[in-house]
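In listed order, ligands and their atoms are each counted from 1.
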Amino acid sequence: MAGRQTDEAGMEPAAAVPPLTLGAVADRLMPHQLEVLGGFHTKGDEPGLPPGTATLLLIGPREPGFWQHLQAQPEWDGAPEPMDRWSRRVIGRLACDLGAKALFPFGGPPWHPFYSWALRSGAVWERPVRLLVHSWQGLMVSFRGALAVTQHLSLPEPDTAGPCATCPDKPCLTACPVSALTGAGYDVPACQTHLDQGGACMTGGCLVRRACPRSQTYARMPEHSAYHMRQFHR
Ligand code: B12
Ligand code: SF4
Ligand code: SF4
């Protein structure tokens, strides 16, 4: 009967660490109602990314169930910024476990360039109204963090077309009641003046973002959008 294998010094070899896969990261995110929204391979060491980063993964809310999950977390304690504190704990912990680094869209300035990173992910485009549109979350896409991973993970083929080319009516261009967010750009003061009056944008989220057909297939709760609108328009 063959004995256990040892190396020349008589030591048992260390158990092989399985290579990290996108599926393994997704499995770790799922219990936290988070998912990988896209990713890209770096071109070697890049400014703004931790040294040795080979793959950057963008992480965001997974629906249905994100809002209910968040409200059951210890950070939902009445103190400011519960979602950001929760994101730091959960994504930071996962990064430690995976030997990765966690990066966050909040906490600036300076800001990590999530918008530019998203455009490199193969699942997000900058479309008529400048906001980002995502393959399955539409204009409701947002990020809770990113994982900078030293391994070169296998990523899905990028979707080169995006949803806008086949969107006949492009409702995002005309949905803003005060034309603050159109193909001409984003007039933040005009938007804020409209929000002073309350209304549907404050209770259910930006009407432009909601108008996109892709957004409508993504089950973000109006209460979740209202939370962000209150942060945006205090
Ligand atoms: C500052 C900021 C704002 C500012 C100014 C936006 C701007 N002109 O850049 C204000 C306060 C206006 C803003 C508003 C909103 N924002 Co904002 N914002 C940011 C933040 C924190 C930093 C952007 C930045 O300056 N980065 C530094 C530069 C160097 O990085 P960059 O990636 O290259 O920046 C690019 C973007 O700023 C982009 N850009 C330029 N103009 C605009 C205008 C808009 C509306 C957006 C979204 C982007 C954008 O061009 C830059 C160069 O490529 C990012 C998070 C982040 N860390 O990136 C979120 C971010 C861009 N915002 C986001 C969101 C969700 C919003 C809001 C929808 C919030 C809300 N209400 O729920 C609103 C949009 C308005 C609305 N009608 O609801 C999302 C993107 C959502 C999307 N689908 O595109 C981000 C990525 C945050 C996240 N956690 O996911 N935001
Ligand atoms: S409404 Fe249509 S054109 Fe506008 S972002 Fe969504 S898919 Fe693109
Ligand atoms: S939040 Fe409302 S007012 Fe502001 S850009 Fe969106 S639709 Fe227009």
Which atoms of ligand 1 are found less than 4.0 Å from any heavy atom of [X]?
X    : value
P113 : 30 (O), 31 (P), 32 (O), 33 (O)
P105 : 21 (C), 55 (C), 56 (C), 57 (N), 89 (N)
V141 : 81 (C), 82 (C), 83 (N)

Please state whether G138 comes within less than 4.0 angstrom of ligand 2, counting heavy atoms only. no

Q. Contact between P213 and ligand 2, counting heavy atoms under 4.0 Å?
A. yes

[atom] within contact range, any protein heavy atom under 4.0 Å:
atom                     : value
atom 79 (C) of ligand 1  : no
atom 17 (Co) of ligand 1 : no
atom 40 (C) of ligand 1  : yes
atom 9 (O) of ligand 1   : no
atom 24 (C) of ligand 1  : yes

Looking only at protein heavy atoms, what sits closest to atom 3 (S) of ligand 2 is K170 CG, 3.6 Å

(message) Let me check your reading of the structure: within less than 2.8 Å of atom 6 (Fe) of ligand 2, is there an N/O/S atom from C212?
(response)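 Yes, C212 qualifies, because one of its backbone or side-chain N, O or S atoms lies under 2.8 Å.
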
TODO: Check whether any N, O or S atom of C164 sits under 2.8 Å from atom 2 (Fe) of ligand 2.
DONE: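 Checking C164: none of its N, O or S atoms is under 2.8 Å.
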
Work out whether the distance between some heavy atom of R209 and some atom of ligand 1 is less than 4.0 Å.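 Judged by the 4.0 Å heavy-atom criterion, R209 does count as contacting ligand 1.
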
ask   = Between P222 and T203, is any pair of side-chain heavy atoms under 4.5 Å apart?
value =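 They are not in side-chain contact.
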
When you measure from the side chain of E46 to the backbone of T42, do you find a donor-acceptor pair of N or O atoms at a distance under 3.5 Å?
no

Short version for P177: what comes under 4.0 Å of ligand 3, heavy atoms counted, is side chain

Protein N/O/S atoms closer than 2.8 Å to atom 4 (Fe) of ligand 3 number 1

